[in-house]
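Working notes, structure below.
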Amino acid sequence: MKKRGKAGQQSSGKPRERVRVLITGGRIQRRIQALAQEIRKDFPGEPLHLVSVLKGGVFFLTDLARNIPGEVSFDFIAVSSYGQKTHSSGQVRLTRDLDSSIEGKTVIVVEDILDTGMTLQYLLRLFQQRKPKHLRVAVLLDKPDRRITAVHADYLGFSIPNEFVVGYGLDYAERYRNLPYVGVLLLGPGLKKKPAED
């Protein structure tokens, strides 16, 4: 039987691993409602096509889509950075393409987290070549201290410190995605923060 941690923490059965709440589920939902209103205000009456980057952006996309009034469609794309085991080489490759054309559409790229900006830079270049009517970016979490490219979000949820975060779609070894909040992952001994890295 798995032990449960204190409030705001989750034990995965591993003795020295906990999550400290950084942004509560309530704060996330309130911010998403505000972002949805802002997006619809910028594009009143227009059909919107949301594109989520798998897997982490799915939670953000579904909650954002539910809060945007009017016509909304969505699609998914997946990319991977490759290089050494713990650090990205900066090279990005497409592993799953969109199911339909975005030409002439108002496209909102929906990302869970923006850190170095390499993935987003790649996607924006790719999508611009496909001639959307408008191309905007919505990001739930931004780590400005990690940025190495000149990309930015048009719609931003929260700026966060350079810490390794999990929950609300973000994972550590495919775990913790289902947490309703965003938290900092603490690893033992002494429950030190996991270093932020790609």
Side-chain angles (χ1 to χ4, degrees), residues 5-12 14 16-32 34-35 38 52-61 63-64 77-93 95 108-125 136-198:
K6 295 179 181 177
Q9 301 173 338
Q10 173 172 314
S11 173
S12 64
K14 299 190 186 302
R16 291 289 189 170
E17 194 173 299
R18 290 191 183 169
V19 178
R20 176 177 54 80
V21 176
L22 182 65
I23 306 170
T24 65
R27 284 186 65 202
I28 291 171
Q29 294 306 318
R30 288 190 295 275
R31 186 66 189 127
I32 288 174
L35 291 175
E38 189 179 342
S52 174
V53 182
L54 295 172
K55 302 176 186 172
V58 173
F59 283 60
F60 183 31
L61 176 135
D63 284 341
L64 186 63
I77 195 164
V79 296
S80 69
S81 299
Y82 54 98
Q84 298 175 353
K85 290 183 180 178
T86 58
H87 292 88
S88 169
S89 63
Q91 296 175 298
V92 180
R93 67 185 175 91
T95 58
I108 312 292
V109 180
V110 180
E111 267 272 45
D112 54 353
I113 191 164
L114 174 57
D115 53 17
T116 65
M118 295 300 296
T119 298
L120 186 56
Q121 182 182 63
Y122 170 85
L123 288 174
L124 291 176
R125 286 176 179 168
R136 300 290 186 272
V137 176
V139 170
L140 180 65
L141 305 172
D142 183 23
K143 287 186 184 177
D145 293 345
R146 296 262 300 153
R147 194 85 74 255
I148 60 174
T149 63
V151 298
H152 71 280
D154 300 290
Y155 308 101
L156 173 62
F158 304 92
S159 287
I160 62 171
N162 186 23
E163 296 179 315
F164 194 92
V165 290
V166 295
Y168 199 73
L170 295 154
D171 75 301
Y172 173 56
E174 292 300 326
R175 294 170 21 246
Y176 298 112
R177 290 191 194 276
N178 60 315
L179 296 179
Y181 55 83
V182 171
V184 176
L185 182 62
L186 307 173
L187 300 176
L191 296 178
K192 295 179 181 177
K193 294 175 185 175
K194 185 186 186 308
E197 56 193 25
D198 284 339

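- Salt-bridge formation is detected for the pair Glu163/Arg20: a Lys NZ or Arg NE/NH1/NH2 atom is positioned less than 4.0 Å from an Asp or Glu carboxylate oxygen.
- You'll find the side chain of Lys143 stays beyond 4.5 Å of the side chain of Leu141, heavy atoms only.
- In this structure Arg30 satisfies the salt bridge (charged side-chain N to carboxylate O under 4.0 Å, His left out) test with no other residue, sequence neighbours excluded.
- What you find for Leu54 and Ala78 is that their closest heavy atoms are CB-CB, 4.1 Å.
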Tell me which donor-acceptor pairs under 3.5 Å the side chains of residues 148-160 have, and how far apart each pair is, sequence neighbours excluded?
{"from": "Thr149", "atom 1": "OG1", "to": "Thr116", "atom 2": "O", "distance (Å)": "3.3"}
{"from": "Thr149", "atom 1": "OG1", "to": "Gly117", "atom 2": "O", "distance (Å)": "3.4"}
{"from": "Asp154", "atom 1": "OD2", "to": "Val137", "atom 2": "N", "distance (Å)": "2.8"}
{"from": "Tyr155", "atom 1": "OH", "to": "Asp42", "atom 2": "OD2", "distance (Å)": "2.7"}

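- If you take CE on Met118 and CZ on Arg146, they are separated by 11.5 Å, rounding to the nearest 0.5 Å.
- A side-chain contact (heavy atoms from CB on, under 4.5 Å) with Ser52 holds for exactly one of Asp112, Leu64, Val58, Ile108; it is Val58.
- The distance from the OG1 atom of Thr24 to the CD atom of Gln29 is 9.5 Å, given to the nearest 0.5 Å.
- The closest side-chain heavy-atom distance from Glu111 to Thr119 is below 4.5 Å.
- For the atom pair CG (Asn178) and CG (Asp171), the distance works out to 11.0 Å, reported to the nearest 0.5 Å.
- Interatomic distance, CG of Leu61 versus CD1 of Ile32, reported as 10.0 Å (0.5 Å rounding).
- Between the side chain of Arg147 and the backbone N or O of Asp115, at least one donor-acceptor pair lies under 3.5 Å.
- Nearest heavy atom pair, residue Ser80 against residue Thr95, reads OG-CG2, 3.6 Å.
- Phe60 and Val139 get closest at one heavy-atom pair: CE2-C, 3.7 Å.
- Glu17 and Leu187 get closest at one heavy-atom pair: CG-CD2, 3.5 Å.
- Here the CG atom belonging to Leu124 is positioned 11.0 Å from the CZ atom belonging to Arg136, to the nearest 0.5 angstrom.
- Of the options Tyr181, Tyr168, Tyr176, a ring pair (Phe, Tyr, Trp, His ring centres under 6.0 Å) to Phe59 is made by Tyr168 and by none of the others.
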